[in-house]
Enquirer: 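Provided herewith is a single structure, encoded as structure tokens, for subsequent inquiry.
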Amino acid sequence: EGEVYDLVIVYFVLHWVGRSQLLKSLAEIDRVTEGAGYVIIGDFLPNSPCKEPYHHRPGLWTYTTDYSAILVATGMFTRVARLTFDHETRALRGDIPERGRCTCDLLRKESAFR
């Protein structure tokens with residue numbers, strides 16, 4: 001508690017977070033990111049929010065959406081860069097079908113919100 005960081009990395013975590021905890025998780029990411037700090041978010045990138053059964057374990061679900069867009073929509077973060085890549089091959093491409101498309105986004109927290 002009370003710790004802040006100039007770089008927070010959240011890589012393939014948020015799709016596991018239950019929807020009842022998502023906003024709390026994003027608020028915690030905001031809280032621990034120093035004013036004018038950076039957040040890297042890597043996760044799946046569907047066209048719209050999805051609830052998917054986890055294929056390795058029946059009864060378990062994952063939730064995919066454009067998580068960085070939620071932080072950007074607050075006005076407190078700006079997207080600096082976005083890379084899209086294929087989940088299977090890890091190839092950096094922009095023409096990946098929705099089911100295998102992933103993103104790695106670099107966000108900057110706006111210093112006005114320090």
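The structure presented is a predicted model; accordingly, all values stated were derived computationally and were not measured. Starting from 1, each residue takes its place in the sequence as its number.
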Enquirer: With heavy-atom distances below 4.5 Å as the criterion, would you say the side chains of Val10 and Ile29 are in contact?
Expert: yes

Enquirer: State plainly whether one hydrophobic cluster holds both Leu107 and Leu83, where clusters connect Ile, Leu, Val, Met, Phe, Trp and Tyr through side-chain heavy atoms under 4.5 angstrom apart.
Expert: no

Enquirer: Treating Glu52 as the side-chain partner and Thr62 as the backbone partner, does any N or O pair qualify as donor plus acceptor under 3.5 Å?
Expert: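 Not at all, since once roles are kept as given, no pair shorter than 3.5 Å links the two residues.
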
Enquirer: List the steps and the verdict of salt bridge (charged side-chain N to carboxylate O under 4.0 Å, His left out) for Lys109 and Asp6.
Expert: CA-CA 9 Å; Lys109 189 169 184 178; Asp6 58 357; over 6 Å; no

Enquirer: Are Tyr11 and Val80 in one and the same hydrophobic cluster, where Ile, Leu, Val, Met, Phe, Trp and Tyr link if side-chain heavy atoms are under 4.5 Å apart?
Expert: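 Shared cluster, yes.
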
Enquirer: What's the spacing between Met76 CE and Leu71 CG if we round to 0.5 Å?
Expert: 7.5 Å

Enquirer: Evaluate the criterion side chain to side chain donor-acceptor pair (under 3.5 Å) for residue pair Ser68 and Arg79; output intermediate values, then yes/no.
Expert: CA-CA 8 Å; Ser68 67; Arg79 184 179 291 120; 2.9 Å; yes

Enquirer: One pair to check against side chain to side chain donor-acceptor pair (under 3.5 Å): Arg108 and Thr78. What are the steps and the verdict?
Expert: CA-CA 5 Å; Arg108 183 174 188 271; Thr78 301; over 6 Å; no

Enquirer: Quick check: do Pro97 and Arg99 have side-chain heavy atoms less than 4.5 Å from each other?
Expert: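 In short, these two side chains do not touch, never coming nearer than 4.5 Å.
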
Enquirer: Is it the case that more than 12 heavy atoms not belonging to Arg19 sit under 6.0 Å from its CZ atom?
Expert: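 It does: Arg19 CZ has more than 12 such atoms within range.
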
Enquirer: Could you grab the distance from atom CD1 of Ile40 to atom CD1 of Ile9, nearest 0.5 Å is fine?
Expert: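 So the gap between those two atoms works out to 4.5 Å.
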
Enquirer: Just how far is it from atom CG of Leu22 to atom OH of Tyr63, taken to the nearest 0.5 Å?
Expert: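 The distance works out to 11.0 Å.
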
Enquirer: When rounded to the nearest 0.5 angstrom, what is the spacing between CG in Leu92 and SG in Cys102?
Expert: 11.0 Å

Enquirer: Does a side-chain heavy-atom distance below 4.5 Å link Tyr38 with Val8?
Expert: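 No, every pair of side-chain atoms sits at 4.5 Å or beyond.
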
Enquirer: What heavy-atom pair brings Glu110 and Gly75 nearest, and what distance separates the two atoms?
Expert: CG-O, 3.9 Å

Enquirer: With the side chain counted from C-beta on, respond yes when Leu26 and Val17 share a heavy-atom pair under 4.5 Å apart, and no when they do not.
Expert: no

Enquirer: Can you list everything that forms a side chain to side chain contact (heavy atoms under 4.5 Å, CB included) with Ala73? Sequence neighbours excluded, please.
Expert: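 Testing Ala73 for side chain to side chain contact (heavy atoms under 4.5 Å, CB included), a comparison that skips the adjacent residues, returns none.
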
Enquirer: Less than 4.5 Å apart, side chain to side chain, heavy atoms only: is that true for Thr84 and Arg93?
Expert: no

Enquirer: Going from CD on Glu3 to CZ on Arg31, what distance comes out if it is rounded to the nearest 0.5 angstrom?
Expert: 9.0 Å

Enquirer: Given Phe44, which partner from the list Leu14, Asp66, Thr64 fulfils the side chain to side chain contact (heavy atoms under 4.5 Å, CB included) test?
Expert: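 Answer to the side chain to side chain contact (heavy atoms under 4.5 Å, CB included) test with Phe44 among Leu14, Asp66, Thr64: Thr64.
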
Enquirer: Would you say that Asp105 contacts Tyr67 through its side chain, given a criterion of any heavy-atom pair below 4.5 Å between the two side chains?
Expert: no

Enquirer: Let's go through Phe85 and Cys104 carefully: what are the C-alpha distance in whole Å and the side-chain angles of both, what is the deciding distance for side-chain contact (heavy atoms from CB on, under 4.5 Å) to 0.1 Å, and is it a yes or a no?
Expert: CA-CA 8 Å; Phe85 60 95; Cys104 186; 4.2 Å; yes

Enquirer: Are Ile41 and Val32 joined in one hydrophobic group, where the rule is that I, L, V, M, F, W and Y side chains link up if heavy atoms are under 4.5 Å apart?
Expert: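 Shared cluster, yes.
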
Enquirer: Between Tyr54 and Trp16 (judged by ring centroids, cut-off 6.0 Å), do the two rings come close enough to count as a pair?
Expert: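 Under 6.0 Å, so yes.
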
Enquirer: Rounded to the nearest 0.5 Å, what's the gap from CG on Asp30 to CD1 on Ile70? Could you check?
Expert: 13.0 Å

Enquirer: Going by heavy atoms in the side chains, are Phe77 and Val39 under 4.5 Å from each other?
Expert: yes

Enquirer: Looking at Asp43 and Arg101, is any side-chain nitrogen of the basic one under 4.0 Å from a carboxylate oxygen of the acidic one?
Expert: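 Looking at Arg101 and Asp43, the cut-off is not met.
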
